[in-house]
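Everything on this sheet refers to the single structure shown next.
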Amino acid sequence: MARYTASSCRVCRRQGSKLFLKGQRCYTDKCAFDKRSYPPGQHGKGRRIKFSNYGLQLKEKQKVKKIYGILERQFRKYFQEASRSKGVTGSKLLELLERRLDNVVFRSCFAASRPEARQMVMHGHVIVNNRKVDIPSYSVRTGDIVVVRPKEKTTKRVKESMEKLKDRGFPGWIDVDLEGLRTQITRLPERTDTAADIKEQLIVELYSK
């Protein structure tokens, strides 16, 4: 699978908003976006870009893809599923993205960033309903129980991460047991549970053309 290997901080600067791709570093004064919030490149500081409606829609889609770490083909599948579902398409799209297993691991503070959470899942460190699941895109459901496998090295790293990130808080649709490294899905996520500043209607308008 293709993945982005260049500087994550350049992505935030290019998008013009903090996407929290570097974990704990994004919450400190070391964050590159806080130091240089203008676009990267030789002329980034003095550059003023005026986007068309299409440009704004495309930029918003790219931002959401970067936040959740998925590529175009998979993102389009999520949108098609959301458009076939009952309810508001934009809200359903964000619900599907939030229900990804790697996002649940990240939201539970078991990992400092979504890329780290994805690696944990792919390496088999996560159990769902007493069964090992190594697919980051696995979609959780109400009542599912997500647990970090009790390996000494993994447990130590996760607890260190949780100690640093526990003040970040948890969304209302999951119940996190900090001691047992266990998360239960109490309900499906709603639009208000999405912390990121996302204008999902722009994405809907882009794909509706």
Side-chain angles (χ1 to χ4, degrees), residues 8 12 17-28 30-31 33-34 63-70 78 82 87-88 90-151 153-200:
S8 299
C12 297
S17 60
K18 189 183 290 192
L19 307 183
F20 299 95
L21 305 177
K22 295 282 286 184
Q24 182 64 15
R25 185 185 181 93
C26 297
Y27 297 90
T28 67
K30 294 182 180 179
C31 177
F33 181 80
D34 289 339
K63 180 175 78 173
V64 176
K65 284 168 55 180
K66 291 296 183 183
I67 288 175
Y68 290 95
I70 55 180
Y78 278 125
V88 181
S91 298
K92 293 297 293 184
L93 173 63
L94 295 181
E95 176 195 310
L96 293 172
L97 294 172
E98 283 288 302
R99 287 171 60 189
R100 286 174 56 96
L101 181 57
D102 56 356
N103 180 72
V104 173
V105 172
F106 166 72
R107 290 291 212 160
S108 302
C109 294
F110 296 156
S113 64
R114 287 186 178 89
E116 183 181 338
R118 185 175 303 109
Q119 187 179 52
M120 283 182 60
V121 175
M122 293 179 67
H123 288 186
H125 297 311
V126 178
I127 298 173
V128 181
N129 299 331
N130 297 319
R131 182 170 61 90
K132 185 181 77 172
V133 178
D134 56 6
I135 303 173
S137 61
Y138 176 88
S139 185
V140 299
R141 294 172 293 183
T142 302
D144 283 355
I145 297 176
V146 180
V147 182
V148 177
R149 292 184 69 182
K151 286 188 175 182
K153 188 175 180 180
T154 304
T155 301
K156 181 180 178 181
R157 182 173 179 178
V158 170
K159 285 188 175 181
E160 288 176 353
S161 176
M162 294 185 73
E163 187 62 30
K164 295 177 182 177
L165 301 172
K166 62 182 180 181
D167 294 335
R168 190 173 65 188
F170 307 105
W173 56 283
I174 60 175
D175 182 22
V176 182
D177 178 5
L178 297 175
E179 294 297 325
L181 302 182
R182 175 181 178 275
T183 294
Q184 182 171 10
I185 313 302
T186 56
R187 60 174 173 82
L188 295 181
E190 300 174 355
R191 177 63 185 91
T192 53
D193 296 315
T194 305
D197 179 21
I198 296 174
K199 301 180 179 67
E200 67 276 9

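FYI, the numbering just counts along the sequence from 1. Just so it is clear, the values below take in all heavy atoms, side chains as well, and ignore hydrogens, waters and symmetry mates.
- Pro136 and Arg118 make their closest contact through CG-CG, 3.6 Å (heavy atoms, listed as atom of the first residue, atom of the second, distance).
- At a threshold of 4.5 Å between non-hydrogen side-chain atoms, the residues Arg157 and Glu116 count as touching.
- Using a 4.5 Å cut-off on side-chain heavy atoms (C-beta onward), Tyr68 and Glu98 make contact.
- Nearest heavy-atom pair across Gly87 and Lys92 is C-CG, 4.5 Å.
- Listed for the Arg114 side chain is no donor-acceptor partner under 3.5 Å among the backbone atoms of Phe106.
- Taking the side chain as every heavy atom from C-beta outward, Thr142 and Leu188 approach each other to under 4.5 Å.
- Expressed to the nearest 0.5 Å, how far CG of Leu101 lies from CE of Met120 amounts to 9.5 Å.
- Within the model, atoms NZ of Lys63 and CG of Asp197 stand 5.0 Å from one another, a figure rounded to the nearest 0.5 Å.
- The distance from atom CD1 of Ile67 to atom CG of Leu97, rounded to the nearest 0.5 Å, is 9.5 Å.
- Counting heavy atoms from C-beta outward, Glu200 and Arg191 have side chains that approach closer than 4.5 Å.
- To the nearest 0.5 angstrom, Phe110 atom CZ is 3.5 Å from Thr183 atom OG1.
- Considering only heavy atoms from C-beta on, Ile70 comes within 4.5 Å of Arg100 through its side chain.
- Comment: Asp193 engages Arg187 in a salt bridge, judged by a side-chain N to carboxylate O separation of less than 4.0 angstrom.
- Val121 has its side chain out of reach of Tyr138: every pair of non-hydrogen atoms, C-beta onward, lies at least 4.5 Å apart.
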Between Val126 and Val133, does a side chain to side chain contact (heavy atoms under 4.5 Å, CB included) hold up when you go through it step by step? CA-CA 6 Å; Val126 178; Val133 178; 5.9 Å; no
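- One finds the OG atom of Ser108 at 11.5 Å from the CZ atom of Arg182 (value rounded to the nearest 0.5 Å).
- Taking OH of Tyr78 as the reference point, atom OG of Ser139 lies at 7.0 Å (rounded to 0.5 Å).
- With sequence neighbours excluded, the residues that form a side chain to side chain contact (heavy atoms under 4.5 Å, CB included) with Gln119 are His123.
- In this structure, a donor-acceptor pair under 3.5 Å is absent between the side chains of Gln184 and Asp175.
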Please report the C-alpha distance between Arg99 and Val104 in whole Å, then the side-chain angles of each, then the deciding distance to 0.1 Å, and finally whether the side chain to side chain contact (heavy atoms under 4.5 Å, CB included) criterion is met. CA-CA 7 Å; Arg99 287 171 60 189; Val104 173; 5.9 Å; no
